[in-house]
Amino acid sequence: MFLTRFRVNTARPGARRLLFSPQVLHAAVMSSFPGLLPTDSSTPDAPRVLWRLDHNARAEVMLYIVSPARPDLTHLVEQAGWPAAAADPDTPGWQSKPYGPLLDRLAAGDTWAFRLTANPVHHIRRKDDEPRKRTAHLTPVHQMSWLLDRQERCGFRILEKPDSKRLLPGGITHMKQEHHGDRYELNVRDRRDLAFDKSREQKASKGRPVSLVTVTFDGRLEVIDPEALRRTLTQGLGRAKAYGCGLMTLAPLPVGR
Amino acid sequence: MSVLTLRLAGPLQSWGASARFTRRTTESAPTKSGVVGMLAAAAGIERGDDERLEPLAALRFGVRIDQPGTRVRDFHTAHHGVTGKSMPLSERFYLADAVFVAALEGDRTLLAALHAALRAPVYAPYLGRRSCPPALPIELALHASVTSLHQALQDEPWQAAPWYRRQRRRDATVSLAVLREADDHEHHADVLRDQPLSFAAEHRRHALRTVLSTTVEVPNPAAAPTRSAPRHDPFDALEEESARCS
């Protein structure tokens, strides 16, 4: 497995085209693997190509890719990078590092900071005789509960804040939902409502655009089940993985906290 | 040297410097003749009393544009209340939703008297035109020991309305335009016929005064803390790994 980082040059028209549509960016990411055909479909339980865009600042947009093979992002550097700077072998346009050592090192009880961009959805019906329908979670409380519901299965536990640092009490909302206040070391931000046509031909998609809601979670976790967490990190979490969702990355906790 | 600062805020204001006949225009900021006239009215100086007006007109004047407002035009078709005869058609211009801080620099006892007069005015103050009452108390403060008019306008907090301040919440400080009378050594100023000599009803007279346009930086109390994404670089975990191996 490889972890790859590419900084997007947001001033270039090519970058605008890539950032404008998750579909275009997905195609660009998938075409960076020489051994992979676009028509290849991944088997359900195998590691897959995951990617995510981090909008850290207005002009600092990072593309992270986790993939089984080492990618070649030359075409991205040419379209939306700094090709002249990349001509120097010391500063290639992207950085790729083996991900395996980190995955092997994961052990139960470790604590990490994490970031995850995901598409939190649930299936509901409004009336009993209606088919169930996939619907996005729209409020931060629901989006957080979506992740909290999955944490055990995915091999980690989100850390809880000490009592002295909590500012909001938990309780029950007016919709009879459990509200956990700010009990967890978890933040939801950067909600994006995306809608785009899947096909260029209007008829193929019957005029219905793909629409999805993505949010970015920042938090701290403790590893419970290293094997399950490895699966989460390499196979993704949640839906819309082709559209930049589901890639969770770990970073060391800041020192002194 | 003392400075008296005033807050001029109201739904409508109208400050004419060259308003004549049926087209009653407004400047984009309060005029000295308007503000001095308002203070003279508050102090109970009658219209023809040029001798008592003179020390007021000798004050140095400056104004800060805290919230510029929008210019509105009123097509005025009034009829006489008793006879029903139509009055001349006129156009009247106003500044809507504007807020200004005006400052007057001069002798301390005179300014203290004016400050007291604004709290108990003989004739009610209005913002340039009788139909434009102030929305908030006019008197702000009497700065007893400031070095200059400019300094007083710099020190006064931003007086714009909360909704207007929220619009600028991305800025920690705001740059506000200041129009003030030039010092003796400043030569690059405009002139405006706005120095009141007499408010006598039968013959109003105004002389020229200088107008120097500068800006001051004032902190924005509504500034929101910048919320940027927390630092997260997955490569940190890998760097640590490679350092350990080597």
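Side chains included, hydrogens not; waters and symmetry mates left out as well; all remaining heavy atoms used. Worth saying up front: this structure is predicted, and the values here are computed from it rather than measured. Naming convention: chains lettered A, B, ... in sequence-line order (proteins, then strands); numbering from 1 in each chain.
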- line: CG of Asp233(B) to CG of Asn56(A), rounded to nearest 0.5 Å, is 8.5 Å
field: Greatest number of heavy atom pairs closer than 4.5 Å to chain B - which of Asp54(A), Thr4(A), Thr216(A)
entry: Thr4(A)
Choice from Asp218(A), Leu3(A), Asp190(A) maximising heavy atom contacts with chain B below 4.5 Å: Leu3(A)
message: Can you list the residues of residues 242-251 of chain A that sit under 4.5 Å from chain B, counting heavy atoms only?
response: Thr249(A), Leu250(A), Ala251(A)
- request: Looking only at non-hydrogen atoms, find the nearest pair between Lys97(A) and Phe235(B) and report the distance.
  value: CG-CE2, 3.7 Å
- prompt: Counting heavy-atom pairs under 4.5 Å to chain B, which of Arg58(A), Gln95(A), Met62(A) comes out on top?
  reply: Gln95(A)
- line: In terms of heavy-atom contacts, Pro234(B) and Arg52(A) come closest through CG-NH2, 4.5 Å
CZ/Arg108(B): more than 12 non-hydrogen atoms of other groups inside 6.0 Å: no
